[in-house]
Amino acid sequence: MELQHLRAFREVARELSFTRAAHNLHYSQPAVTAQIKGLEEDMGASLFQRRGNRSVELTPAGARLRPLAERILELVDTAQYEIAEPAPVSLAPDGRGTRDRRMPPRLTDARLGDARLGGRGGRA
């Protein structure tokens with residue numbers, strides 16, 4: 001089981017659409033489909049029931065995995081935040097030392113929106 005597979009699963013479960021999940025993750029739709037297929041193989045169960053109108057619903061196995069995936073990814077974010085090296089100390093204009101506060105990656109991403117993709121703030 002790979003974290004990237006769980007991230008793709010979480011987004012498809014939120015959106016109930018491979019296409020919207022791919023857009024949100026900035027991946028191609030076939031890449032998201034491949035990640036979900038890999039996770040389904042690892043889990044030994046189908047996680048989504050595909051519908052004809054390009055939407056999906058969680059299977060019972062997918063519904064059981066969803067809160068677990070959320071917890072796993074939250075723990076990973078917390079671990080990265082807790083273990084990260086502290087930000088360097090810099091001197092403020094008045095000569096006092098200041099330290100930039102690090103934020104967990106999810107919060108940083110939320111604040112940046114899509115700014116890292118050319119400044120288009122927010123998601124469409």
Side-chain angles (χ1 to χ4, degrees):
M1 179 183 324
E2 297 183 29
L3 291 175
Q4 206 58 32
H5 292 172
L6 287 177
R7 287 185 180 102
F9 169 79
R10 176 179 61 190
E11 197 62 31
V12 174
R14 286 178 179 168
E15 294 291 338
L16 296 177
S17 165
F18 281 75
T19 302
R20 287 192 305 269
H23 178 266
N24 294 348
L25 293 166
H26 307 289
Y27 294 154
S28 69
Q29 187 270 329
V32 171
T33 299
Q35 290 177 2
I36 297 302
K37 184 175 181 175
L39 182 59
E40 287 176 331
E41 289 172 3
D42 289 346
M43 300 305 293
S46 189
L47 302 172
F48 294 98
Q49 176 67 43
R50 280 79 172 169
R51 295 185 189 174
N53 59 357
R54 293 187 174 222
S55 66
V56 295
E57 62 185 12
L58 288 166
T59 63
R64 287 192 308 274
L65 179 60
R66 185 176 185 179
L68 298 172
E70 292 281 356
R71 286 187 5 212
I72 290 166
L73 293 171
E74 188 175 317
L75 285 170
V76 168
D77 287 347
T78 300
Q80 289 172 336
Y81 171 73
E82 293 292 330
I83 303 304
E85 292 291 323
V89 173
S90 60
L91 292 179
D94 63 3
R96 293 185 304 178
T98 62
R99 183 175 304 273
D100 294 329
R101 297 283 181 206
R102 290 185 181 253
M103 294 189 324
R106 275 180 23 200
L107 294 177
T108 302
D109 290 347
R111 285 224 170 140
L112 290 176
D114 286 341
R116 63 184 178 269
L117 297 174
R120 290 183 341 170
R123 289 190 170 140

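Residue indices begin at 1 and follow the sequence shown. Computed from heavy atoms alone, side chains included, the values below leave out hydrogens, waters and symmetry copies.
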Discussion item. Angle between ring planes, Phe18 versus Phe48, binned at 30° and 60°: parallel, tilted or perpendicular?
Written reply: perpendicular

Worksheet item: Checking side chain to side chain contact (heavy atoms under 4.5 Å, CB included) for the pair Arg66/Arg71: CA distance, chi angles, key distance, verdict?
Response: CA-CA 9 Å; Arg66 185 176 185 179; Arg71 286 187 5 212; over 6 Å; no

Fill in: Interatomic spacing from CD in Gln4 to CD in Gln35 - rounded to 0.5 Å
5.5 Å

Worksheet item: From Leu6 CG over to Leu65 CG, what is the distance, rounded to the nearest 0.5 angstrom?
Response: 6.5 Å

Discussion item. Between Thr59 and Leu47 (side chain of the first, backbone of the second, donor and acceptor by atom type, cut-off under 3.5 Å), is there such a pair?
Written reply: yes

Worksheet entry | OG-NE2 distance between Ser28 and His23, expressed to the nearest 0.5 angstrom | 13.0 Å

Practice prompt. Mind running side chain to side chain contact (heavy atoms under 4.5 Å, CB included) on Thr19 and Val32 for me, showing each step along the way?
Written response: CA-CA 8 Å; Thr19 302; Val32 171; over 6 Å; no

Practice prompt. Would you sort out whether Thr78 and Glu74 count as a side chain to side chain donor-acceptor pair (under 3.5 Å), showing the intermediate values?
Written response: CA-CA 6 Å; Thr78 300; Glu74 188 175 317; 5.3 Å; no

Worksheet item: What distance do Ser17 atom OG and Arg51 atom CZ have between them, rounded to the nearest 0.5 Å?
Response: 11.0 Å

Item to complete: I would like to know whether Arg7 and Glu2 meet salt bridge (Lys or Arg N to Asp or Glu O under 4.0 Å); could you show each step before the answer?
Response: CA-CA 9 Å; Arg7 287 185 180 102; Glu2 297 183 29; over 6 Å; no

Worksheet item: What pair of heavy atoms forms the shortest contact from Phe9 to Ala69, and how long is it?
Response: CD2-CB, 3.9 Å

Worksheet item: Any idea which heavy atoms bring Leu58 and Ala13 closest together, and the distance?
Response: CD2-CB, 4.1 Å

Worksheet item: When rounded to the nearest 0.5 angstrom, what distance separates CD in Gln49 from OG in Ser55?
Response: 10.5 Å

Worksheet item: Between CZ of Arg20 and CD of Gln29, what distance do you get to the nearest 0.5 Å?
Response: 12.5 Å

Practice prompt. Could you tell me which non-hydrogen atom of Ala21 sits nearest to which non-hydrogen atom of Val12, and how far apart they are?
Written response: CB-CG2, 3.5 Å

Practice prompt. Output yes when Arg50 and Glu40 qualify as a salt bridge under the 4.0 Å nitrogen-oxygen rule, no when they do not.
Written response: yes

Worksheet item: Would you say the side chain of Arg10 lies within less than 4.5 Å of the side chain of His5, judging by non-hydrogen atoms?
Response: no

